[in-house]
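Chain A is the first sequence line, chain B the second, and so forth, proteins listed ahead of strands; every chain is numbered from 1.
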Amino acid sequence: MQWEDKQTYLEAGSPSHFRFDETLVFLKRSDQEILHLVKGRTVFKALRLEDEVVLFSITEEDGKLYIQFLNGKFNKAIKDFVADYVTKWFDLERDVEPFYQLAQQDPYLKDLVKTYSGLRVVGIPDLFEAFVWAIAGQQINLTFAYTLKRRFVQRFGEKLDWEGETYWIFPQPAVIADVNIEIVRDLQFSSRKAEYVLDIAKKMRDGTLSLQELEEKSYPELKKALLSIRGIGAWTADYVLMKCFQMPNAFPIADAGIHQALKQQLSWKPTVEEIANIAKNWAGWEAYATIFLWRSLYE
DNA sequence: CACCAGGCAAACC
DNA sequence: GGTTTGCATGGT
């Protein structure tokens, strides 16, 4: 992904099989989302890197993507960081042509890839955020999961006020590592989930768990490493591999949403074995099959 | 009022 | 060892 430096903004050609408007649909799916703001066809987001907070926007026009820096901070380190973040966030670097090839021949995907053509994985590049979101969302409905995330961010995160809007930034592990667990429980995290989140925050603060170290590993090694962490089971491991590590073969097969989406096509609820069988045809692209199935659930 | 949600670990046979 | 249970609350 080549982002061209235009001083106060970056520009890149929109990749093929990418529809910015599908990304926007995903980003707008909850009105409780406070980690970004969508206005019209533009996304606004704030990020912290070291000792600076950067506010930027992303939009698309005439087949080109633009990242605009809004609060006067755009040195090279910031530009590189934000360009990398956005590239991962929207999975822009992936050649998804092979997925479309197989999906067009697949009975469960062929209509979906036509209807939602250009949909990509919208990731969670921040590892700690990915863990917290996945753990918070275990075994509860998405509405309540968003409520938990919003409370967590508003209680522990930092914010940037800019031209009448508030931009929240997800808290760093070091902040969460030292909070009283009772405060997290008061946000209506279960005791277990609060423990998981604090354990992970401590590991990340202490450096015994880090993105750099994990990035070196292959899929099976990485999954094994994640499964050894308390609170991370098979579903969460694959969810994080898909959303943070951008692994197209990650597949949270026990996911309730996958089961529900396939149930609508089959008119009965498939077992995990039946899904594994169906998914043989998706080899290497299970994460992409998953997001199209999820997409079919919100009309 | 049941039962299910983008599950998991600990307790229990 | 495989199976059951508690967690938290909102939606249907």
Side-chain angles (χ1 to χ4, degrees), chain A residues 25-33 35 91 108 112 116 119-124 127 129-152 155 181-203 209 223-273 275-276 278-279 282 286-299:
Chain A
V25 168
F26 182 87
L27 294 176
K28 287 191 290 189
R29 76 184 171 149
S30 171
D31 54 14
Q32 295 205 80
E33 179 60 72
L35 292 176
D91 203 26
Y108 303 94
L112 296 180
Y116 307 116
L119 174 68
R120 291 201 180 209
V121 173
V122 177
I124 307 173
L127 180 61
E129 181 188 336
F131 281 138
V132 174
W133 170 240
I135 288 167
Q138 289 168 1
Q139 190 53 26
I140 55 172
N141 62 56
L142 271 177
T143 307
F144 186 49
Y146 271 109
T147 302
L148 290 178
K149 182 173 92 163
R150 179 180 53 73
R151 288 176 183 161
F152 188 85
R155 179 66 184 75
I181 198 161
E182 290 302 321
I183 300 177
V184 182
R185 281 175 38 84
D186 288 344
L187 306 178
Q188 290 178 299
F189 279 64
S190 66
S191 303
R192 273 299 157 68
K193 287 182 180 178
E195 288 170 18
Y196 300 159
V197 167
L198 262 59
D199 280 357
I200 288 172
K202 288 181 177 123
K203 283 192 172 81
L209 176 61
K223 186 164 176 181
K224 193 175 159 191
L226 294 180
L227 288 173
S228 73
I229 301 168
R230 191 159 167 268
I232 310 240
W235 178 86
T236 308
D238 273 307
Y239 184 87
V240 169
L241 291 174
M242 165 178 160
K243 300 284 275 191
C244 185
F245 292 87
Q246 286 86 31
M247 293 201 158
N249 58 326
F251 191 33
I253 192 167
D255 179 81
I258 294 175
H259 289 242
Q260 204 182 322
L262 286 171
K263 181 182 169 186
Q264 288 181 7
Q265 293 200 31
L266 296 162
S267 44
W268 77 83
K269 191 159 184 171
T271 64
V272 171
E273 290 72 32
I275 294 176
I278 289 168
W282 307 339
E286 292 88 343
Y288 265 80
T290 298
I291 62 160
F292 276 84
L293 291 169
W294 284 345
R295 179 67 179 84
S296 71
L297 295 174
Y298 43 105
E299 127 268 341

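Distance CD1 (A:Ile258) to P (B:dA5): 13 Å, rounded to an integer number of Å. The interatomic distance linking A:Lys269 (NZ) with B:dC4 (P) rounds to 7 Å, in whole Å. Counting to the nearest Å, the P atom of B:dC3 and the CD atom of A:Gln260 are 18 Å from each other.
Cation-pi contact between A:Lys149 and A:Trp133: present, with separation from the ring centre below 6.0 Å and deviation from the ring axis of at most 45°.
Under 3.5 Å, the side chains of A:Ser296 and A:Gln264 contain no donor-acceptor pair of N or O atoms. Between the side chains of A:Asn141 and A:Tyr146, no donor N or O sits under 3.5 Å from an acceptor N or O. Inspection of the A:Asp255 and A:Trp294 side chains reveals an N or O donor paired with an N or O acceptor under 3.5 Å.
Using a 4.0 Å cut-off between a side-chain N of Lys or Arg and a carboxylate O of Asp or Glu, A:Glu33 and A:Arg150 do not qualify as a salt bridge. Between A:Asp199 and A:Arg230, at least one side-chain nitrogen of the basic residue sits less than 4.0 Å from a carboxylate oxygen of the acidic one, meeting the salt-bridge criterion.
The six-membered or imidazole ring of A:Phe152 lies near that of A:Phe189, with a centre-to-centre distance under 6.0 Å.
Between A:Leu241 and A:Ala250, the closest heavy-atom pair is CB-CB, 3.8 Å.
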Item to check | nucleotides 7-13 of chain B: protein proximity per nucleotide (B base, S sugar-phosphate only, - neither; heavy atom, under 4.0 Å) | outcome: BSSS---
Anything under 3.5 Å between a protein N or O and an N or O of nucleotides 10-12 of chain C, put it in a table, one pair a line.
unit_1	atom_1	unit_2	atom_2	d
C:dG10	N3	A:Asn141	ND2	3.0

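Between C:dG2 and B:dA5, the two C1' atoms lie 25 Å apart (nearest whole Å).
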